[in-house]
Amino acid sequence: MKQPKFFKEVLLFYIVLALAVYVVYLHKVFALPFFIALLLWAWVSNKDYFFIAFFFILLQTPASFFLNSESAGLPLIQPIPRISFTPTDIFTVLMFLKVLFYKKPVKIQVKTPFTLLILYLVVSFISGAINSSSIKTPIIFLRPVFHLTWLISFLGLVGTKEKVCKFFYLLFPAVFFLLFSQFYMLMNNQELINVLVPFERMVITNTLTGEVRPVTGAWGLLILCYIGPMLLLPYKKNTPIKYYLYFITMIAFISVLLSATRFMFGMFFCILLGVYFTRMRSVGHIIMLICVAALVLIIFINTGLLTDAYIKESVFSRVFQIFLLMKGEGHHIDTFDARIQGLQPMLQRIKDNMFLGYGFSDISYEYYDNNWGFFNTVLMFGVMGLAIFCFLTISYLKLIFQSMRRLPFSDPTRSSLRVLLVSLCTFLGGYALTWDLFSLSYSYQVVFTMIFFAICEQFTARDFLQET
């Protein structure tokens, strides 16, 4: 990958992204033609990683940009009355058709679990249609379900070492925007999008102090910017690039720390420990990362961007409640009682139909609660569906572990596989507690999970990521 040439590509990427913001929020009349032209460009271009990264960012709605909202969202494409699609929906279809049309070779190593999952989703759609008062609710769920095709599209269109690296490098600068949006929210008590368009949205507050909590919202983007450098570092011998990758990881870590989001900070911290403490010679990296992050926070405090009171009371007081959970004292967490109360009606519904769940129905839509991870899976798909999702995840864990065992200790791919293994185990921990890893209610979550699984597929392929 020639650095000067690719730098121009990164610059072009963010110019196009800035134009998307410009037409959507300042000149809405040009938004639809802009995205139609962009979709046509994506179809004829051979740089599919460029457009997959672009629309992935749009789906993640960073700093509340590009939300599904009439006033602050992407333009709608309406082929027929009462049926509308966003550009991200059209892009999802186009990339899937591009794989089929150009007959891109796609080999899924974890094929059986996905086949069972698709068949079970068909059953869930039928049962949801039967249990719903109208067919409208099951159809609402079809959008995130169809985003499962991102697995095929990513494998078929971003299938080489160079393309995967470029995909990550296109995403990395976005982490600076996320951090900037957090500082803006802290200093102005509103989200950055309000600079361009009046957008009323409840700002999340800290349940301990009542202060604004600057949550980025783009968790999938932030996670890839966090683990992406760890995946690529073993292949980079150029010192400036290695420091850049460390810096991106550090910024992502600071971003999640400032958000005071307990489960996400816990996941990031566990990934850091799991990746580096399993290799004692790399302990210096984690110490360096933490020290530099602390230094950056001190600079932010001294320049007035942050206050020491905010770090101490709003961030650390909330984040360190994670250790109460680890000690088995979850009832001391400030939101514990409220979440338990919110779980009760969901548990009652689960008890009434535990085996198959309620599928894509009104009941699933009404009782879904993103605070309760796998309980949502049981609500929608029952213990039968949960078993299929567990089968899928265990298959990936097994695939990664077996691939690691085949490689010599000196192979850099082994280090990358360790990152994927630790990350997936950590995701499952979040899924067991609060984070709905397999949410089929939100397209952005489905796309993130499919891209992560696709990366697992690629890094475990025998002919992938060989040293050149």
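The figures that follow rest on heavy atoms only: side chains count, while hydrogens, waters and symmetry mates do not. Worth saying up front: this structure is predicted, and the values here are computed from it rather than measured.
Under the side chain to side chain donor-acceptor pair (under 3.5 Å) criterion, no residue pair touches residues 218-228, with sequence neighbours excluded. Pairs engaging residues 384-402 under the side chain to side chain donor-acceptor pair (under 3.5 Å) rule: Tyr396-Glu457 [sequence neighbours left out].
Shown here are the side-chain contact (heavy atoms from CB on, under 4.5 Å) partners of Phe374, two or more places apart in sequence or in another chain: Val378, Leu386, Tyr431. For Tyr22, the side chain to side chain donor-acceptor pair (under 3.5 Å) partners two or more places apart in sequence, or in a different chain, are His27. Looking at residues two or more places apart in sequence or on another chain, you find no side chain to side chain donor-acceptor pair (under 3.5 Å) involving Tyr442. Under the rule for a side-chain contact (heavy atoms from CB on, under 4.5 Å), the partners of Thr92 that lie at least two apart in sequence or sit in another chain are Phe146, His147, Thr149, Trp150. Residues passing the side chain to side chain donor-acceptor pair (under 3.5 Å) test with Lys163: none are found, sequence neighbours excluded. In this structure Phe375 satisfies the side-chain contact (heavy atoms from CB on, under 4.5 Å) test together with Leu343, Met346, Leu347, Ile350, Trp372, sequence neighbours excluded. Every salt bridge (charged side-chain N to carboxylate O under 4.0 Å, His left out) that Asp89 has, sequence neighbours left out, goes to Arg143. Shown here are the side-chain contact (heavy atoms from CB on, under 4.5 Å) partners of Leu94, two or more places apart in sequence or in another chain: Leu39, Trp43, Ile90. A search for side chain to side chain donor-acceptor pair (under 3.5 Å) contacts involving Ser255 returns Gln182, not counting sequence neighbours.
Atom CG of residue Leu420 and atom OG1 of residue Thr460 lie 8.5 Å apart, to the nearest 0.5 angstrom.
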Enumerate donor-acceptor pairs with a distance under 3.5 Å from any side-chain N or O in residues 29-38 to protein atoms, sequence neighbours excluded.
none

